[in-house]
Amino acid sequence: MNTSTANRQRSNDRTTYTGPGMIATGEATALLPTETTPPIKVFGTQAIRETFDDLCLQQAVNSRLAPGVTDLVLNPDAHCGYGAPVGCVMVSPTHIYPGPVGVDIKCSMSLLQLDLPAEAIEDRKVRRQLISAICQRTPTGAGKGQRNAEKSRHVNRSLGRQLVVEGASEDVCESLGIPTSWAFRCEDSFHLGHDDTTDALGTRLEKLLERRDMSNFSDKMKQLGSYGGGNHFGECEVVEVGQSDRAREVAHAFGLTDGNVAFLSHCGSRGFGHNLASGQFRHLQNKFDQWGIPLPAGDRQLVYAPLGSNEANDYLDDMALGANFATVNHLLINALVLEAFQEVIPGTKGHLVYFISHNIARKESVNNRPAWVHRKGATRAIPGGHHSLVGTPFAKTGHPILLPGNPRDGSAVMVADEGAEASCYSVNHGAGRVLGRRHAKRVLDQTTVDSEFECGDILSNCRQYPIDEAPAAYKDFDEVLRSVKSAGLASEVARLKARFVIKDASKADD
DNA sequence: ATGTGC
């Protein structure tokens with residue numbers, strides 16, 4: 001059965017995975033055998049393994065057997081995605097796969113630590129003021145999520161062209177009022193083109209701007225500093241650093257302060273990244289049709305390009321352009337959120353803890369050779385002492401791993417352990433869906449969701465919190481984290497407890 | 001995910 005068939009069956013809630021079963025190998029690890037190649041590594045406790053539906057497993061097998069793929073890791077938050085499961089890592093030294101990077105190029109998390117004690121936002125009125133100050137500056141929602149920017153932070157066409165080519169360069173940060181030091185708090189503050197130059201990106205951008213679907217480039221650039229919709233959000237948190245000596249030490253190195261307010265953001269490359277990604281899917285699918293190349297497992301979502309081909313070069317350039325937009329988008333959002341806090345509580349100071357993606361392909365060294373590591377709903381997890389962190393603020397400790405859970409149960413900051421080599425230096429990217437959006441709307445009810453927020457004294461900008469985004473639509477976050485910890489991939493540094501949530505509510509009553 | 005859906 002190929003994935004297209006599986007997709008059709010899923011729409012009727014009938015999936016039938018007929019491949020081999022999982023081999024249980026440990027409390028939190030398992031192997032999913034494939035016919036002719038080494039097995040897929042699965043990280044998840046027994047309870048988590050039961051959440052993997054048939055289509056998800058089928059997609060994992062299809063991705064593992066696709067041309068040039070040498071490793072595939074399935075994380076505890078895995079569920080079906082575009083071509084490959086959301087929550088997987090796919091490695092290839094020879095091929096690039098746009099589908100397994102995903103439709104939202106460089107969808108990421110960022111965390112801003114503020115110097116406010118939790119008590120400063122205890123008053124619901126203060127939190128209401130913060131919600132409105134933040135919403136004024138960082139719109140949510142599809143399309144219309146364009147910022148009404150004051151002159152000092154206006155993104156005109158020429159600044160737009162500069163920032164998608166340069167990413168968070170000093171010049172770009174200065175133009176937008178972003179502290180330049182924040183660039184050092186990024187997993188990647190900029191992305192180069194296929195030949196490791198910015199020139200390649202400038203050239204590619206010129207070509208793209210001639211395209212009809214890029215005629216609204218200036219409008220796309222105006223979306224800079226906005227969240228968008230779906231599972232994207234901004235969330236005000238109180239930091240609870242773990243009790244162990246290591247947690248306290250690492251939290252200190254990360255710049256996290258126990259008991260203080262922080263702000264967690266989740267968003268990506270908005271309409272610009274979507275244009276680039278969907279344009280590439282279409283383009284490569286047409287090439288496959290035109291040249292009569294067989295699709296991996298017959299799945300159009302798994303089209304690929306061999307490295308060195310014009311197609312691969314163009315994709316890598318487009319991915320970098322989208323990734324640069326996402327990077328500056330996150331940093332600007334954080335600058336605007338800080339500004340909103342300062343408006344409501346004058347004198348507030350804040351610094352970026354980290355900005356890290358979970359939808360991107362990076363050139364890394366795997367099994368001692370260079371390869372493209374596609375993280376599709378997966379977060380890089382490199383422990384302290386690893387050569388690739390030399391020169392960063394986190395060379396000794398390992399970098400922060402930012403994992404959204406849900407507003408009811410909290411989110412987490414983790415740090416990688418030595419064992420992460422087994423998962424290609426990756427962990428999950430959050431809790432992962434357990435109910436599809438349609439399913440969630442059918443089986444969950446608004447009153448329960450509302451009372452969960454009321455009980456936790458968690459405020460929101462939404463009159464009705466979107467039901468398909470309710471905590472119960474996601475996997476048990478503690479079980480997901482237990483999977484990561486007991487597999488030796490990463491350790492918990494801090495929990496983040498939600499105090500208010502900013503989300504797009506425009507589709508809440510569909 | 002997305003100026004939203006074959």
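Worth knowing before you read on, the calculation uses all heavy atoms, side chains too, and leaves out hydrogens, waters and symmetry mates. Just so we're clear, the structure is a prediction, and the values are computed from it rather than from any experiment. Chain letters run A, B, ... following the sequence lines, proteins first and then strands; every chain starts at 1.
- Rounded to a whole Å, the CD atom of A/Gln285 is 13 Å from the P atom of B/dC6.
- Between A/Asp468 atom CG and B/dT4 atom P there is a gap of 18 Å when expressed in whole angstrom units.
- In this structure, the NE2 atom of A/His232 is 17 Å from the P atom of B/dT4, given to the nearest Å.
- As rounded to whole Å, 14 Å separates atom P of B/dG3 from atom NZ of A/Lys222.
- The only member of A/Ser483, A/Ser426, A/Pro76 that meets side chain to side chain contact (heavy atoms under 4.5 Å, CB included) when paired with A/Phe43 is A/Pro76.
- At a threshold of 4.0 angstrom between heavy atoms, the contacts of A/Gly229 are confined to the sugar-phosphate backbone, with no base atom among them.
- A side-chain N or O of A/Lys106 and one of A/His191 form a donor-acceptor pair less than 3.5 Å apart.
- A/Phe272 has its CZ atom 15 Å from the P atom of B/dT2, to the nearest Å.
- Distance CZ (A/Arg300) to C1' (B/dC6): 13 Å, rounded to an integer number of Å.
- The interatomic distance linking A/Asp213 (CG) with B/dT2 (C1') rounds to 13 Å, in whole Å.
- Aromatic ring centroids of A/His358 and A/His266 lie under 6.0 Å apart.
- Contacts of A/Gly228 with the nucleic acid, taken as non-hydrogen atoms under 4.0 Å apart, involve only primed sugar atoms and P, OP1 or OP2.
- For A/Tyr304 and A/Phe288, the distance between ring centers is under 6.0 angstrom.
- One atom, CZ of A/Arg437, and another, P of B/dT4, lie 16 Å apart when rounded to the nearest Å.
- Residue A/Gly268 is classed as having no contact, given no heavy-atom separation below 4.0 Å to the nucleic acid.
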